[in-house]
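Down below is the structure, laid out as structure tokens.
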Amino acid sequence: MKSFQLFKCFMLLAIFPVAGWAASVDTIITYSKVMKKEIKAVIIKPNAYADSKKFPTLYLLHGAGGNYSDWVKQTPDRETVKRLSDQFNMVVVCPDGGITSWYLNSPVDKTYQYETYVSSELVNYVDQHYATIKDRSGRAITGLSMGGHGALYLAFRHQDVFGACGSMSGGVDLRPFPENWNISKRLGTYSENPERWEANSVVNLTHLLVPNKLALIIDCGDADFFYKINIALHDKLMDRNIPHDFIIRPGVHNWVYWGNAIQYQMLFFSQYFGRRQQ
């Protein structure tokens with residue numbers, strides 16, 4: 001199984017670590033024209049970063065209630081993402097998702113247009129200001145919880161921008177949670193606007209995929225409250241013959257799980273970038 005092969009590769013890297021982690025962290029302020037406001041993001045550059053070389057980029061999204069700094073402050077080992085940026089020689093971009101934007105373009109609130117912000121405005125800013133590979137083959141996106149939904153949602157809908165995507169404990173179906181996490185503030189209530197909830201749930205977007213267009217990894221704990229909807233997404237991808245890595249491990253919806261999961265995900269994306277650059 002792919003997940004077992006991924007595990008073996010990861011264990012080899014863990015046994016033979018790269019010494020001297022020295023990734024640097026920038027906090028930037030970008031301006032969103034579509035939302036007419038300034039938005040912060042964290043940019044992590046590997047130690048090998050140099051303007052003379054082009055680096056692949058991972059967009060790493062936070063969950064509901066979080067912000068742009070979560071991935072450098074909330075993991076049990078706060079050096080995790082910096083270490084992985086060094087280890088895999090990739091730039092990591094951690095956008096701010098407006099606490100509960102769900103990374104959608106809200107039809108209800110024009111100040112919540114985070115699909116356009118992340119997939120277009122932020123990507124363009126990063127490519128203009130950093131030494132990145134300016135092509136889908138050099139971009140991946142993943143995230144936790146709300147960010148897991150957002151990463152798949154953005155990648156499925158913008159396959160010209162992202163070549164690989166992932167989800168950790170992703171809220172990949174909005175419909176079972178009509179009263180939670182301000183989703184109704186972004187889409188209107190489920191009872192009055194069911195078509196919006198249907199159209200914006202990742203589990204209903206698999207028709208946008210064709211085999212082998214996107215490299216895809218999904219990871220969820222077996223005791224997570226999003227476990228069943230991740231199983232449902234996996235089943236739909238299997239029905240449509242969409243290749244993907246699917247990892248279920250013991251765990252719940254917390255930073256201990258995500259601090260572990262991001263290591264598997266960044267290895268997966270590193271392998272994708274490596275294949276594309278050969």
Side-chain angles (χ1 to χ4, degrees), residues 1-18 23 43-50 52-61 80-94 118-119 123 126-127 130-143 147-148 151-168 170 202 205-206 208-219 233-234 237-238 240-249 260-278:
M1 295 176 62
K2 280 188 176 181
S3 58
F4 181 67
Q5 293 172 344
L6 191 66
F7 175 77
K8 290 194 296 183
C9 291
F10 175 75
M11 289 306 295
L12 288 173
L13 288 168
I15 294 169
F16 301 104
V18 178
I43 310 283
I44 302 169
K45 298 179 295 184
N47 184 49
Y49 182 86
S52 59
K53 181 182 177 181
K54 301 299 182 184
F55 291 80
T57 310
L58 172 64
Y59 288 79
L60 183 55
L61 310 183
T80 295
V81 179
K82 292 171 62 178
R83 172 175 56 81
L84 294 168
S85 171
D86 263 352
Q87 185 170 336
F88 297 123
N89 268 334
M90 65 179 74
V91 173
V92 181
V93 180
C94 302
V118 175
S119 67
V123 167
V126 170
D127 283 350
Y130 291 87
T132 58
I133 297 171
K134 298 169 178 57
D135 183 82
R136 68 183 300 274
S137 65
R139 294 192 204 99
I141 185 168
T142 190
L152 299 186
Y153 181 86
L154 295 175
F156 287 12
R157 289 168 59 87
H158 299 276
Q159 295 178 50
D160 58 325
V161 177
F162 302 104
C165 59
S167 172
M168 294 166 277
V202 164
L205 299 180
T206 58
L208 298 176
L209 304 178
V210 296
N212 301 310
K213 180 68 179 293
L214 278 174
L216 174 58
I217 180 171
I218 299 169
D219 191 322
L233 175 59
H234 165 65
L237 292 169
M238 293 292 288
R240 294 190 59 84
N241 195 31
I242 304 299
H244 60 289
D245 277 22
F246 183 62
I247 302 172
I248 295 295
R249 289 177 286 109
N260 188 24
I262 188 58
Q263 301 178 67
Y264 295 88
Q265 298 242 332
M266 288 184 70
L267 172 59
F268 178 89
F269 296 132
S270 177
Q271 292 177 334
Y272 165 78
F273 293 140
R275 290 193 300 270
R276 292 292 174 169
Q277 294 169 25
Q278 288 177 352

*Closest non-hydrogen atom pair, Tyr272 against Ala215*: CD1-CB, 3.7 Å

*Sequence neighbours left out, what passes ring pair (Phe, Tyr, Trp, His ring centres under 6.0 Å) with Phe269? Give chain and number order.*
none

*Considering non-hydrogen atoms only, spot the tightest contact between Gly143 and Ala151 and give its length.*
N-CB, 3.9 Å

_Approximate separation, where rounding is to 0.5 Å, of Ile44 CD1 and Ser85 OG_ = 6.0 Å

_Between Val92 and Leu84, is there a side-chain heavy-atom distance shorter than 4.5 Å?_
no

*Side chains of His158 and Arg136: closer than 4.5 Å at any heavy-atom pair?*
no

_How close do Leu58 and Met266 get, counting heavy atoms only, and between which atoms?_
CD2-CG, 3.7 Å

*Looking only at heavy atoms, which two atoms of Tyr264 and Ile217 are closest? And how far apart?*
O-CD1, 4.3 Å

*For residues Asp219 and Asp245, determine if any side-chain heavy atom of one lies less than 4.5 Å from a side-chain heavy atom of the other.*
no

_Let me confirm one number: the CG-OG1 distance from Leu154 to Thr142, rounded to the nearest 0.5 Å._
11.5 Å

_From Gln265 atom CD to Leu60 atom CG, the distance as rounded to the nearest 0.5 Å_ = 9.0 Å

*How many angstroms lie between CG in Leu267 and CD1 in Ile262, if you round to the nearest 0.5 Å?*
11.0 Å

*Between Gln87 and Gln263, is a side-chain contact (heavy atoms from CB on, under 4.5 Å) present by the stated rule, with each step listed?*
CA-CA 10 Å; Gln87 185 170 336; Gln263 301 178 67; over 6 Å; no

*Would you say the side-chain atoms of Asp86 pair up with the backbone N or O of Asn47, donor to acceptor, closer than 3.5 Å?*
yes

*asked:* Let's go through Tyr49 and Tyr130 carefully: what are the C-alpha distance in whole Å and the side-chain angles of both, what is the deciding distance for side-chain contact (heavy atoms from CB on, under 4.5 Å) to 0.1 Å, and is it a yes or a no?
replied: CA-CA 10 Å; Tyr49 182 86; Tyr130 291 87; 3.6 Å; yes

*Residues in side chain to side chain contact (heavy atoms under 4.5 Å, CB included) with Ala155, at least two apart?*
Ile141, Phe162, Cys165, Leu214

_As an exercise, state the distance from CD1 of Ile43 to SG of Cys94, rounded to the nearest 0.5 Å._
8.0 Å

*asked:* Could you check whether any side-chain heavy atom of Thr132 comes within less than 4.5 Å of a side-chain heavy atom of Pro56, counting everything from C-beta outward?
replied: no

*What residues form a side-chain hydrogen bond (donor to acceptor under 3.5 Å, both in side chains) with Thr80, not counting sequence neighbours?*
none

*asked:* Classify the ring geometry of His244 against His234: parallel below 30°, tilted from 30° to 60°, perpendicular beyond 60°.
replied: perpendicular

*Any Arg139 side-chain heavy atom under 4.5 Å of Val123 side chain*: yes

_Test item: Ile242 and Thr206 side chains (from C-beta on) under 4.5 Å apart, heavy atoms_ = no

*Would you name the heavy atoms of Asn89 and Pro46 that are closest together and state the gap between them?*
OD1-CB, 3.9 Å

*Given Ile133 and Phe273, is the side-chain contact (heavy atoms from CB on, under 4.5 Å) satisfied, shown in steps?*
CA-CA 10 Å; Ile133 297 171; Phe273 293 140; over 6 Å; no

*From Leu209 CG over to Leu237 CG, what is the distance, rounded to the nearest 0.5 angstrom?*
6.5 Å

